[in-house]
There are 2 protein chains.
Amino acid sequence: MEIPAEVAARLAEGTLIAAIAQDVHSGEVLMMAWMNEEALSKTLHTKKVTYWSRSRNQLWTKGESSGHTQELISARYDCDGDALLLQVEQVGAACHTGERTCFYREIAPAQ
Amino acid sequence: MEIPAEVAARLAEGTLIAAIAQDVHSGEVLMMAWMNEEALSKTLHTKKVTYWSRSRNQLWTKGESSGHTQELISARYDCDGDALLLQVEQVGAACHTGERTCFYREIAPAQ
């Protein structure tokens, strides 16, 4: 897979791209994190989803320490080229808390 | 619905929160946009999804000109409180291009 020109232009400006990971089987949204050019390039070539950690300022291949890897199945990009939607095969929990998805808490309805 | 304390703290810092809209029926991811405190508060109280436009620097109630509204059904927030997952009832196209979803283009597999 090659980085589309529109996305490449964003990355060349130094913009980080939001990457949404979705379970390819259930459609569940698992997490959102960030990619720079190197992270996206590595993800597309290795099929092991790799993000850019803004807090640690380094590449972060999902599951490299936890074993909870994400295998890239397919990738889409949005109309203005600054967000990606990744269909992934998620091993184990996507969230560092041990939950399957990072979006495990609901905003409570009004009483 | 009330803004959770963890999300409120992010917004109080001036951080914009990423909001992912997902079709409540199909599970399709429709778009990603941004919210500030006012946008989220308005969304939770009116159930009409309202974003913060970074390019226009103003609130933007989805569908106010196109008629392609998003009705909020439920909302979840992620483990570090800087992203939201909105289950929505989407009227018509979510994307300004007329496509159902903003993620209508696939990154082509390698030849």
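Reminder, nothing fancy here: chain letters follow the sequence lines and each chain counts from 1.
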Checklist outcome for this item: If one checks every heavy atom of H45(B) against chain A at 4.5 Å, the contacting part turns out to be neither
Checklist entry - Any link between L11(A) and F103(B) through a network of hydrophobic side chains (Ile, Leu, Val, Met, Phe, Trp, Tyr) touching at under 4.5 Å? => result no
Checklist entry - Looking at I20(A), D82(A), D80(A), which one has more heavy-atom pairs under 4.5 Å with chain B than the rest? => result I20(A)
Checklist entry - In terms of heavy-atom pairs under 4.5 Å with chain A, which of I3(B), L44(B), T101(B), L84(B) leads? => result L84(B)
Checklist entry - Do the side chains of I17(A) and V88(A) join up, straight or via other hydrophobic residues, at under 4.5 Å, putting them in one cluster? => result yes
Checklist entry - Is there a path from M31(A) to W34(A) through hydrophobic residues (I, L, V, M, F, W, Y) whose side chains come within less than 4.5 Å of each other? => result no
Next on the checklist: Tell me if the CD atom of E38(A) is crowded by more than 12 foreign heavy atoms within 6.0 Å.
Outcome noted: no
Checklist entry - Would a hydrophobic clustering, with Ile, Leu, Val, Met, Phe, Trp and Tyr connected at side-chain separations under 4.5 Å, put Y77(A) with L86(A)? => result yes
Next on the checklist: For the CE atom of M1(B) and the CD atom of E106(A), what is their distance to the nearest 0.5 Å?
Outcome noted: 6.5 Å
Checklist entry - Between G27(B), C79(B), S26(B), which has the largest tally of heavy atom pairs under 4.5 Å with chain A? => result C79(B)
Next on the checklist: Less than 4.5 Å to any heavy atom of chain A: does that hold for the side chain of Q87(B), its backbone, both, or neither?
Outcome noted: neither
Next on the checklist: I'd like to check I107(A) versus V7(B) (side-chain heavy atoms, cut-off strictly below 4.5 Å). Are they in contact?
Outcome noted: no
Checklist entry - How many angstroms lie between atom CZ of R105(A) and atom CD of E6(B), to the nearest 0.5 angstrom? => result 4.5 Å
Item to check | Engaged part of L85(B) at the chain A interface, taking heavy atoms whose separation is under 4.5 Å | outcome: both
Next on the checklist: Please identify, among S74(A), A18(A), A75(A), the residue contributing the most non-hydrogen atom pairs under 4.5 Å to chain B.
Outcome noted: A75(A)
Checklist entry - Are L59(B) and M35(B) in one and the same hydrophobic cluster, where Ile, Leu, Val, Met, Phe, Trp and Tyr link if side-chain heavy atoms are under 4.5 Å apart? => result no
